[in-house]
Amino acid sequence: MSAPVVLVLNAGSSSVKFAAYEAGGGDLGPARWRGQVEGIPDDPTLTLSEGDRRVVDGEKLNSAGVSDHAGALRVSLERLFGLFGRDPLLAAGHRVVHGGAEFGAPALVDDATFARLEALIPLAPLHQPHNLAGMRAVAEVAPGLPQVASFDTSFHRTIPAVAHTIALPRELREKGLRRYGFHGISYSFIASQLPKRLPEAERGRVVVAHLGNGASLCAMRDGRSVETTMSFSALDGLLMGTRCGALDPGVLLYLMRERGDGVESLEDLLYRRCGLLGLSGVSADMRKVLASEEPDARLAAEQFVYRIVREVGALASVLGGLDALVFTAGIGERSAEIRERVCEGLAWLGVSLDREANARSDERISAAGGRVAAFVIPTDEEGVIARDAATLVAQRLEPAA
Ligand code: AMP
């Protein structure tokens with residue numbers, strides 16, 4: 001009999017990532033199986049690995065009749081079950097983008113919870129439906145399997161009203177128009193690592209830079225979120241791969257009035273055609289932007305760094321100073337060049353980089369003696385979701401005495 005397995009699904013706007021963890025007593029180890037379907041809906045392509053070994057390498061799913069998230073999930077789960085069977089499944093954990101003002105912690109998904117999550121679709125119309133499709137797909141292939149939702153918004157529930165309130169009339173605020181913040185699963189992982197990795201004197205006032213395809217900053221005081229750059233939606237704040245970040249709403253009014261743009265074309269523009277891609281005209285991928293000699297690509301990289309530096313300054317004043325800066329996610333973990341440029345821009349604040357440590361992507365990349373320490377800590381969103389699911393299922397099976 002194989003060890004129980006916790007399945008993790010992370011359904012994004014054009015991709016589905018999944019992982020499976022063995023829960024053989026004690027803490028969960030690293031994911032044993034990982035995979036993803038990219039290119040949904042036009043060219044869904046599956047990869048799947050067991051440890052370091054590729055089991056499925058770029059299988060085109062069009063021929064299997066897959067044209068949407070539900071189909072991609074169904075085929076992914078079938079392939080996974082082909083590896084470890086269906087019986088060992090203990091639980092499925094899902095990344096859910098929006099928990100609204102009500103979900104401050106992971107939740108077991110029953111019919112009532114599912115309905116509450118559906119009611120939040122208007123707050124995250126491009127992401128929440130895919131997250132819920134993942135739950136439906138699991139319910140179809142593994143009826144009765146406990147499912148748990150982990151939210152990207154929950155970690156930011158500690159942000160005070162002065163920071164999360166938008167200065168709109170009361171009737172609009174009462175409809176849920178407030179700043180929520182995102183990337184909270186990643187930030188909760190980093191917060192869990194601070195006591196293990198940072199000396200006590202350096203972990204009181206911390207800014208974490210989650211720099212991936214989506215990018216945001218979180219100001220943490222004693223490991224709790226007090227401010228973040230994303231807001232009502234995942235569009236606000238920093239420049240990102242395809243999103244432009246903070247934008248004067250007057251630009252939208254102008255486009256609506258002068259070009260007659262409607263919701264769909266603006267949504268497409270703001271989520272998919274701006275940011276590094278729109279500005280550089282080269283790519284949404286920072287590697288390609290940095291490698292390009294095009295003036296617009298140089299400007300895109302420069303503005304990516306500039307906006308981070310500007311916002312870290314703002315967050316440092318919210319925190320009343322800064323003890324440490326932590327880089328994480330694709331760009332934060334792997335681009336020594338971007339980290340170096342950000343740290344140079346923050347030299348005034350007391351950030352001083354150890355260039356060699358940075359080039360090696362060591363955990364600690366600041367020079368000794370600087371006022372602000374700097375770190376690289378790889379994030380583990382799937383691990384957080386898997387642990388949330390395993391914990392809630394264990395609590396359900398063994399209710400507290
Ligand atoms: P994530 O969303 O966290 O998976 O991050 C994905 C992004 O990280 C990609 O779109 C790239 O722009 C970026 N990235 C990955 N590796 C590197 C690298 N070595 N240098 C610069 N950017 C990178």
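All residue numbers in this chain count up from 1 along the given sequence. For ligands, and for the atoms within them, numbers begin at 1 and follow the listed sequence.
- Salt bridge status for E382 with K17: absent, with no side-chain N to carboxylate O gap under 4.0 Å.
- Of the protein's heavy atoms, M286 CB, 3.5 Å lies nearest to atom 22 (N) of ligand 1.
- Counting the atoms of ligand 1 from 1 in the order shown, those under 4.0 Å from a heavy atom of D285 are 11 (C), 12 (O).
- Using modelled atom types and a 3.5 Å distance limit, the side chains of R272 and T242 yield no donor-acceptor pair.
- Within 4.0 Å of atom 4 (O) of ligand 1, not a single protein heavy atom is present.
- Both tests pass for R178 against the ring of Y180: distance under 6.0 Å to the centre and angle within 45° of the axis.
- Y271 is linked by a ring pair (Phe, Tyr, Trp, His ring centres under 6.0 Å) to nothing, counting only residues two or more places apart in sequence or in another chain.
- Residue-ligand proximity, G212 to ligand 1, at heavy-atom distances under 4.0 Å covers atoms 1 (P), 2 (O), 3 (O), 5 (O).
- In terms of protein heavy atoms, atom 6 (C) of ligand 1 is closest to N213 N, 3.8 Å.
- Checking side-chain atoms of R74 against main-chain N and O of A137 turns up no donor-acceptor pair under 3.5 Å.
- Ion pairing between a basic and an acidic side chain is recognised when a charged N comes within 4.0 Å of a carboxylate O; D323 and R203 show no such pairing.
- For atom 16 (N) of ligand 1, the nearest protein heavy atom (residue, atom name, distance) is R334 NE, 3.3 Å.
- The shortest contact between atom 20 (N) of ligand 1 and any protein heavy atom is with R287 CG, 3.4 Å.
- The protein heavy-atom contact nearest to atom 13 (C) of ligand 1 is I331 CG1, 3.4 Å.
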